[in-house]
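Written out below as structure tokens is the structure these notes cover.
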Amino acid sequence: MGARCLALLLLYGTLLLLLLLPQLPLAGAATRYYTFNVKLQNVTRLCNTRAIPTVNGKFPGPKIVTREGDRVVVKVVNNIKDNITIHWHGVRQMRTGWSDGPAYVTQCPIQTGQSYVYNFTINGQRGTLFWHAHVSWLRSTLYGPIIILPKAGLPLPFTEPHKDVPIIFGEWFNADPEAIVAQALQTGGGPNVSDAYTINGLPGPLYNCSSKGADTFRLKVQPGKMYLLRLINAALNDELFFSVANHTLTVVDVDASYVKPFDTDVVLITPGQTTNVLLRAKPTAEAAGATHLMMARPYATGRPGTYDNTTVAAVLEYAPPGHIKSLPLLRPSLPALNDTAFAAGFAAKLRSLACPDYPSNVPRRVDKPFFFAVGLGTTPCPGSNNQTCQGPTNTTKFTASINNVSFDMPTTALLQAHYTGQSAGVYTADFPASPLEPFNYTGTPPNNTNVSNGTRVVVLPYNASVEVVLQDTSILGAESHPLHLHGFDFFVVGQGTGNYDPSKHPAEFNLVDPVQRNTVGVPAGGWVAIRFFADNPGVWFMHCHLEVHTTWGLKMAWVVNDGPLPEQKLMPPPSDLPMC
């Protein structure tokens, strides 16, 4: 073989290898390596000790720190009896769907004694995201922050903080959450709620048997300094209001996308969302005379008894602390539990920067429109006709659906079935684009509230512009639903109360500077419209981030086909991909 031919073959082989490898970090970027050992750890909260699943024995788990453009490689080793996956919530996973993490969607779980390496690059994102388990309810204790710094040398588009601090909201259960969800599925009723909310894993001083100093997170600040609080709602089932007594918060970033800064006394954050806020500490004279509580409690639009109606507190204290032993305790004022007006007003303030450095590339035309009615429903009790259960009636069980389809999880990963072309028997590509039987979605519910079941997906051509109107329904009561889309950021172009009107509402859409997110709250008794480009080939989960609703079936999947160019195609699966 001639030298020229050999050189061409080597060049071709090198190019092919580069296309098959996970996306390499940009020039000047780094590769960050982590090892996550999933193991049981005894943890005591509310005078109750449980052996809980943790990563590296930490609760909450370790933080990942990276920069935009960096490659992140995480080896996850499963040392517990339950199957495990880890989802890198909000990470775009461009062409690396094998690393997204939802069990039986992009991978089979990591079984006991096995390991799997997640390998992905941070593309076009900076701010705060988080990681969590994506099997059953294991994310109740398996979660931690992802800190994404700007590319080296790039300034922040807001005041540089003196320090940044993750503030992670969670839920603590005295009982094993896996037993709680198993019992709920067996009885058909709602699951028992958590016993406490937590801030950075700690319930704080407002709960019984939680008054020791070690039970409360304390944020020590220096007078006059600026702090960036990285708020993460990792709670299983509750949206939360958050406020700091006597301090104003400036919202600067949501879901790892910059926003036009605005001041607020209260932040609303749903499960699955992140919000970066600036807090300027008070001058010394003002600060020394009080202890300031940071508090969170639920925004709850569902039926009473279906949420944890308690309040979690942490302490903001000034350094050096005051010498007076009994300083006055300042509590923030939080909205009412069902303050839908505040929720709508807060969402309306969120706008992307939409500037040359951070443009708002919102789709202006729509190739694929969808209308998804989301909410609860019923299914008959299993067994004989006289079988009873503990759902909305004694003959029905709770369930949830999108367009009356309650999603059945497969036993083979959807992405694997798609990639190998062996989808038969795994899923069908006939998810309805709109409800087959329209009704007055926020009015009187239909007489028949039973849902259908299936593993049904939507197939999209590469780079199609997609619009999804998410409509809440009043079946079993209007309720807010935080919908999370894997593999994409989307633009929230409109929202409103009541039923969506396709002849009226599109004219009011914001196509100039809509906020860019990966999780959005569908308003209780209302609707929200999102748009995105299907520019990421693979299979992508979309589901309510209230874990109970996901368990009941409020979920579906998008299959995005490859584009024509090599860089528009899903990469091959890694050699250590877990098998089912």
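Predicted model, so just to flag it, every value in this text is computed and none were measured.
Here the two rings, on Trp88 and Phe120, have centers that are under 6.0 Å apart. When ring centroids are compared, His87 and His486 come within the 6.0 Å threshold. Taking the six-membered ring for Trp, Phe533 and Phe491 have ring centres at least 6.0 Å apart. The six-membered or imidazole ring of Trp558 lies near that of Phe372, with a centre-to-centre distance under 6.0 Å. The aromatic ring centres of Phe262 and Phe346 sit less than 6.0 Å apart. The ring of Tyr441 has its center closer than 6.0 angstrom to the ring center of Phe439. In this structure, the ring of Phe130 has its center less than 6.0 angstrom from the ring center of His132. For Phe407 and Phe431, the ring centers sit 6.0 Å or farther from each other.
Distance CG/Leu570 to CH2/Trp98: 5.5 Å, rounded to 0.5 Å.
Every pair passing side-chain hydrogen bond (donor to acceptor under 3.5 Å, both in side chains) that includes a residue from residues 470-479 is listed here, sequence neighbours excluded: Asp472-His481. Annotation: side-chain hydrogen bond (donor to acceptor under 3.5 Å, both in side chains) contacts involving residues 409-428, sequence neighbours excluded, comprise Thr428-Asp430.
Asp308 and Ser194 share a donor-acceptor pair across their side chains, judged by distance under 3.5 Å alone. Residues Thr96 and Gln93 bring a donor and an acceptor atom of their side chains to less than 3.5 Å of each other. With no hydrogens or angles considered, a side-chain donor-acceptor pair links Asn499 and Thr442 at under 3.5 Å. A donor and an acceptor atom, one from each side chain of Gln107 and Thr85, are nowhere located under 3.5 Å apart. Between the side chains of Gln125 and Ser257, not a single donor N or O lies within less than 3.5 Å of an accepting N or O. Using modelled atom types and a 3.5 Å distance limit, the side chains of Asp367 and Ser465 yield a donor-acceptor pair.
Using a 4.0 Å cut-off between charged nitrogen and carboxylate oxygen, Arg517 and Asp489 do not count as a salt-bridge pair. Between Arg92 and Asp535 there is a salt bridge, since at least one side-chain N of the basic residue sits less than 4.0 Å from a carboxylate O of the acidic one.
Applying the side-chain contact (heavy atoms from CB on, under 4.5 Å) rule to Val512 yields the partners Asn510; only residues at least two apart in sequence or on another chain are considered. Under the side-chain hydrogen bond (donor to acceptor under 3.5 Å, both in side chains) criterion, Asn276 pairs with Thr128, not counting sequence neighbours. With sequence neighbours excluded, the residues satisfying side-chain contact (heavy atoms from CB on, under 4.5 Å) with Ala529 are Val469, Val493, Phe509, Trp527.
The side-chain tip of Arg50 points at the ring of Trp172 from less than 6.0 angstrom away and within 45° of straight on.
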Between His134 and Arg139, does the side chain to side chain contact (heavy atoms under 4.5 Å, CB included) criterion hold? Intermediate values first, please. CA-CA 7 Å; His134 215 302; Arg139 73 175 181 88; over 6 Å; no

- Please assess Val466 against Phe370 for the test side chain to side chain contact (heavy atoms under 4.5 Å, CB included), listing each intermediate value before the final yes or no. CA-CA 8 Å; Val466 181; Phe370 297 89; 3.9 Å; yes

message = Using the rule given for side chain to side chain contact (heavy atoms under 4.5 Å, CB included), can you reason through His549 versus Lys555, listing the C-alpha separation, both sets of side-chain angles and the distance that settles it, and then say yes or no?
response = CA-CA 8 Å; His549 292 174; Lys555 50 196 173 186; over 6 Å; no

| request: Go through the steps for Ile168 and Ile199 under the test side chain to side chain contact (heavy atoms under 4.5 Å, CB included), then give the verdict. | output: CA-CA 6 Å; Ile168 313 173; Ile199 292 178; over 6 Å; no

Just distance, no hydrogens or angles: give the donor-acceptor pairs under 3.5 Å from side chains in residues 179-192, sequence neighbours left out.
from	atom 1	to	atom 2	distance (Å)
Thr187	OG1	Gln183	O	3.2
Thr187	OG1	Ala184	O	3.4
Thr187	OG1	Gly189	N	3.2

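Lys368 NZ: 12 or fewer foreign heavy atoms inside a 6.0 Å radius.
Just one residue in the list Thr396, Thr449, Thr393, Thr399 forms a side-chain hydrogen bond (donor to acceptor under 3.5 Å, both in side chains) with Thr378, and that residue is Thr449.
Here the closest non-hydrogen pair linking Tyr116 and Pro578 is CD1-CD, 3.6 Å.
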